[in-house]
Number of protein chains: 2
Amino acid sequence: MNRFLSHATNRIDAKGRVSVPSAFRAVLSDGGVRELYCFQDFVFPAISVGGPELLDRFEKQMAAEDPFSDAANQMSLLVHGGGVFVKLDPEGRLMVTDFIRDFTGISTDVTFVGRGDHFQLWEPQAFARAQAEAREGRKQRGLRPE
Amino acid sequence: MNRFLSHATNRIDAKGRVSVPSAFRAVLSDGGVRELYCFQDFVFPAISVGGPELLDRFEKQMAAEDPFSDAANQMSLLVHGGGVFVKLDPEGRLMVTDFIRDFTGISTDVTFVGRGDHFQLWEPQAFARAQAEAREGRKQRGLRPE
DNA sequence: GCTTCTCCCATTGACGCCCATATGGTCCCA
DNA sequence: TGGGACCATATGGGCGTCAATGGGAGAAGC
């Protein structure tokens with residue numbers, strides 16, 4: 001199963017490190033990814049993380065839109081200008097920098113959320129709220145699986 | 001019989017495991033399913049469980065709409081972030097994680113409910129209530145055999 | 001110099017795989 | 001038809017492995 005699924009919450013240690021869930025690390029090493037690209041999500045207060053190929057995907061999406069639209073401009077600003085590279089330590093941990101903390105509100109714990117072709121870093125409470133809202137919205141629209 | 005039918009209640013052991021009813025396991029192995037996809041149901045306080053094709057269906061549905069829309073993002077939050085792959089141990093048991101407990105209210109016993117192409121995990125009392133309500137609602141709408 | 005970031009090792013707790021037991025049902029045969 | 005052997009399922013527990021976490025020491029930068 002070669003995609004990012006499920007969610008898990010891990011604690012940040014005294015040095016500001018947090019373990020990436022082993023299921024996610026397995027997906028990364030499957031794809032031969034050694035360096036991760038992180039940027040601020042467009043719709044949620046979360047940091048999106050993936051391999052370099054994640055850029056390709058967003059660039060394709062931008063190309064599909066009007067290149068001078070507000071949406072395309074914002075995307076480029078966030079993806080190209082606002083992204084940072086991070087790499088994991090030998091135990092599979094990453095440093096939670098201020099770049100991550102400020103945008104997400106993360107302080108002591110990080111919720112890792114699988115999003116298929118990438119994953120995200122959330123403040124635990126914020127994720128719980130967003131998920132509840134998503135479920136509520138879905139109920140109101142009457143959409144059902146299948 | 002390659003559909004999930006009927007219901008059964010099993011006990012969770014001291015390690016947090018519960019046996020999947022053998023009738024359900026038979027349906028799974030018939031379909032060659034080794035990994036199960038579980039997600040929090042959109043309507044009931046239950047966990048829905050099925051093969052990976054369940055997730056494929058969701059992903060097709062998402063791919064059909066604008067992948068950067070709020071609706072698609074919310075759906076991904078639920079089916080990717082709120083979904084888990086689990087596998088059974090050699091005896092056909094699964095771990096009842098907090099992911100399952102928190103959403104369903106399950107504590108000591110699990111009711112497995114067949115739903116045709118998938119099955120669900122319920123807190124026994126909650127299932128009894130939901131079933132009673134379904135019966136009642138049907139009566140009020142005028143009982144019809146389909 | 002001191003701080004900050006790596007890498008390395010230790011601990012602990014959870015999870016996986018294995019084997020053992022009980023309970024209830026079915027089939028066979030006298 | 002009744003008894004008993006056999007079987008399958010559900011359940012309980014031991015034990016090894018691995019992931020998550022904590023802390024120390026060396027290297028690099030300010």
Side-chain angles (χ1 to χ4, degrees), chain A residues 1 4-30 33-36 38 49 84-102 106-114 119-124 127, chain B residues 1 4-30 33-38 47 49 84-102 106-114 119-124 127:
Chain A
M1 194 48 51
F4 298 98
L5 282 181
S6 180
H7 66 262
T9 301
N10 288 340
R11 178 188 318 252
I12 300 177
D13 69 16
K15 292 180 174 180
R17 304 169 298 185
V18 66
S19 293
V20 175
S22 87
F24 288 4
R25 298 204 304 262
V27 175
L28 291 172
S29 68
D30 253 27
V33 176
R34 306 202 99 261
E35 259 194 334
L36 299 175
C38 310
V49 184
V84 296
F85 280 103
V86 302
K87 59 183 218 275
L88 305 182
D89 71 12
E91 284 78 35
R93 292 179 283 202
L94 58 83
M95 285 290 303
V96 182
T97 61
D98 285 343
F99 168 76
I100 295 174
R101 293 177 192 265
D102 292 345
I106 288 170
S107 60
T108 64
D109 293 81
V110 180
T111 297
F112 292 81
V113 180
F119 65 90
Q120 295 183 322
L121 312 183
W122 284 72
E123 194 282 321
F127 173 64
Chain B
M1 189 54 57
F4 299 100
L5 297 175
S6 185
H7 63 96
T9 301
N10 287 340
R11 178 188 316 258
I12 300 177
D13 70 17
K15 286 174 151 187
R17 305 169 297 186
V18 65
S19 293
V20 174
S22 101
F24 288 3
R25 297 204 305 263
V27 176
L28 292 171
S29 68
D30 252 29
V33 176
R34 307 200 103 260
E35 268 192 328
L36 299 175
Y37 174 68
C38 309
I47 301 293
V49 184
V84 196
F85 272 113
V86 302
K87 54 185 225 277
L88 305 183
D89 72 12
E91 285 76 36
R93 292 178 285 199
L94 58 83
M95 283 291 303
V96 183
T97 60
D98 286 343
F99 169 82
I100 295 174
R101 293 177 192 265
D102 293 346
I106 288 170
S107 60
T108 64
D109 294 81
V110 180
T111 297
F112 292 81
V113 180
F119 64 91
Q120 295 181 324
L121 313 183
W122 285 73
E123 195 282 321
F127 174 62

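Chain naming here is simple, since letters A, B, ... match the order of the sequence lines and numbering starts at 1 in each. Quantities reported herein were computed from a predicted structural model and do not represent experimental measurements.
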Of the candidate nucleotides [options], which contains the atom at the shortest distance from the side chain of [X]?
X: Lys87(B); options: dG23(D), dT21(D), dC17(C); answer: dC17(C)
X: Arg11(A); options: dA20(D), dG22(D), dG16(C); answer: dG22(D)
X: Lys15(A); options: dG12(D), dT9(D), dC7(C); answer: dC7(C)

Atom pair distance, as rounded to whole Å: [atom1] in [X] and [atom2] in [N]:
X: Asp89(A); N: dG26(D); atom1: CG; atom2: P; answer: 19 Å
X: Asn10(B); N: dG24(C); atom1: CG; atom2: C1'; answer: 14 Å
X: Ile12(A); N: dT21(D); atom1: CD1; atom2: P; answer: 10 Å
X: Phe24(B); N: dT9(D); atom1: CZ; atom2: P; answer: 14 Å
X: Leu94(A); N: dA20(D); atom1: CG; atom2: C1'; answer: 13 Å

Is there a donor and acceptor pair closer than 3.5 Å between the side chain of [X] and the base of [N]?
X: Glu91(B); N: dC17(C); answer: no
X: Arg93(B); N: dG16(C); answer: no
X: Arg17(B); N: dG13(D); answer: yes

Determine, step by step, whether Phe127(A) and His7(A) satisfy the ring-ring contact (aromatic ring centres under 6.0 Å, His included) criterion, reporting the C-alpha distance in whole Å, the side-chain angles of both residues, the deciding distance to 0.1 Å, and the verdict.
CA-CA 10 Å; Phe127(A) 173 64; His7(A) 66 262; 5.0 Å; yes
Close side-chain approach of Val84(B) to Tyr37(B), heavy-atom, < 4.5 Å:
no
Is any side-chain heavy atom of Glu123(B) closer than 4.5 Å to one of Thr111(B)?
no
So what does Val86(B) hit on the nucleic acid, given a heavy-atom distance under 4.0 Å: a base, only sugar-phosphate, or nothing?
nothing
Sugar-phosphate, base or nothing in reach of Ser19(A), heavy atoms under 4.0 Å
base
Might you point out which heavy atoms bring Pro124(B) and Asp109(B) nearest each other, and give the distance in Å?
CD-O, 3.3 Å
